[in-house]
Amino acid sequence: MSRYISPVLYVLLMLIGCAAFFSIAGVRVGFIDPHTAFGLLRKTVFAAIALTVLTLASLLVCRRECSAGGRRFFILVAVVSFIYSVMWVGLYTQKSALPDLYDITTDFENPPIFINIAFLRKGSEHDLVYDESWASLQQKHYPNVKPLIVDTPFKQAYIEAIQLVKERGWDLVSQYPNAGVIEATARTPIFGMRNDIVIRLTRQDDFVVVDMRSCSRSGESDHGNNAERIVGFLGELGSRLKPAPIGLASRI
């Protein structure tokens, strides 16, 4: 019986893999929309769980007639399908508690404004008008998203910010050195979904304040990606520049 079951399990495993690849690659190249891709990927996770159970049941039924190679194959299919399902379930569990936010900023009262990015977005994608009601949600879930204040010459801070954008592999859309504005686009690691970024440097007294805003083009939730991007970028930029004294910075 095992010689008939093995090809079926192999085909099922390949189908799950192909469906997962199609959903991820489809979003990256713009062939399918993210909502459809996420739905397909969710089905592959359920299928992988079912395949794990089916494989273990088959191994139990065929344990006497199975050769050593056959048993290894059953175990391999079970392990691969189990790891795949656990990986996605774990990721979903980790991100499910996050709010439905896709636009994160360091300045609620005067969010950095996108200039050229607006011309790159499609009509079906999110607009770039910041909703003030998001501020309370962001403060609750991402309290560490704050502006960077440095005791560094404005020109040097701007040059370092531009350099860091390039090092991170973001697509530089526009730069306005005199206004202290940088626009760029980043892509998420797995699905390659585009998130637009605007960085604003302003002079305040003897310091330079670096504000940042990151906004997804689609999806009801960014699953924390925009907040992580801002915190990571400003944290690294701050390590390259001279931070303002805590006592003075807090009064700006």
Following the transitive rule for hydrophobic clusters with a side-chain heavy-atom cut-off under 4.5 Å over Ile, Leu, Val, Met, Phe, Trp and Tyr, establish whether [X] and [Y] coincide in one cluster.
X    : Y    : answer
L12  : V53  : no
L148 : V181 : no
V198 : V145 : no
I115 : W170 : no
V45  : M87  : yes

Are any non-hydrogen side-chain atoms of [X] and [Y] less than 4.5 angstrom apart?
X    : Y    : result
T55  : L59  : no
T36  : L40  : no
H126 : D103 : no
F114 : F119 : no
T105 : M212 : no
N110 : D107 : yes
R121 : R217 : yes
L201 : V209 : no

Without swapping roles, check the side chain of [X] against the backbone of [Y] for a donor-acceptor pair under 3.5 Å.
X    : Y    : value
E228 : N225 : no
T52  : F82  : yes
D205 : F207 : no

Which atom names give the shortest non-hydrogen contact between [X] and [Y], and what distance separates them?
X    : Y    : result
R213 : L128 : NH2-O, 2.9 Å
P153 : V208 : C-CG2, 4.3 Å
Y130 : P111 : CD2-CG, 3.8 Å
G224 : D222 : N-OD1, 2.8 Å
I197 : A186 : CD1-CB, 3.7 Å
D211 : P112 : CB-CG, 4.0 Å

Working to the nearest 0.5 angstrom, can you tell me the gap between [X] [atom1] and [Y] [atom2]?
X    : Y    : atom1 : atom2 : answer
L164 : I182 : CG    : CD1   : 9.0 Å
C215 : I104 : SG    : CD1   : 9.0 Å
E236 : L241 : CD    : CG    : 11.0 Å
Q175 : I162 : CD    : CD1   : 4.0 Å

Testing the 3.5 Å rule here: is there a donor-acceptor pair between the side chains of [X] and [Y]?
X    : Y    : value
D131 : S133 : yes
T44  : Y84  : yes
N178 : Y158 : no
S216 : N226 : yes
D196 : T185 : yes

Tell me whether the count of non-hydrogen atoms from other residues, nucleotides or ligands lying under 6.0 Å of [atom1] in [X] goes above 12.
X    : atom1 : value
F154 : CZ    : yes
R72  : CZ    : no
D206 : CG    : no
I113 : CD1   : no
E109 : CD    : no

Q: Would you check, one step at a time, whether the test side chain to side chain contact (heavy atoms under 4.5 Å, CB included) holds for T188 with N195?
A: CA-CA 8 Å; T188 56; N195 297 321; 3.4 Å; yes

(Q) Aromatic contact between F46 and W88, with the criterion being ring centroids under 6.0 Å apart: yes or no? (A) no

Q) Are E167 and R240 within salt-bridge range, i.e. N to O under 4.0 Å? A) yes

Q.
Under 4.0 Å between a side-chain nitrogen and a carboxylate oxygen: does that hold for R194 and E125?
A. no

Q) With under 30° as parallel and over 60° as perpendicular, where do the rings of F73 and Y10 fit, or are they tilted in between? A) tilted

Q: Decide yes or no on side chain to side chain contact (heavy atoms under 4.5 Å, CB included) for E183 and I199, but give the supporting numbers first.
A: CA-CA 6 Å; E183 288 184 295; I199 303 164; over 6 Å; no

Q.
One pair to check against side chain to side chain contact (heavy atoms under 4.5 Å, CB included): V210 and R200. What are the steps and the verdict?
A. CA-CA 6 Å; V210 185; R200 183 186 66 199; over 6 Å; no

Q) Hey, mind stepping through F108 and E132 against side chain to side chain contact (heavy atoms under 4.5 Å, CB included) and telling me if it holds? A) CA-CA 7 Å; F108 302 123; E132 295 180 356; over 6 Å; no

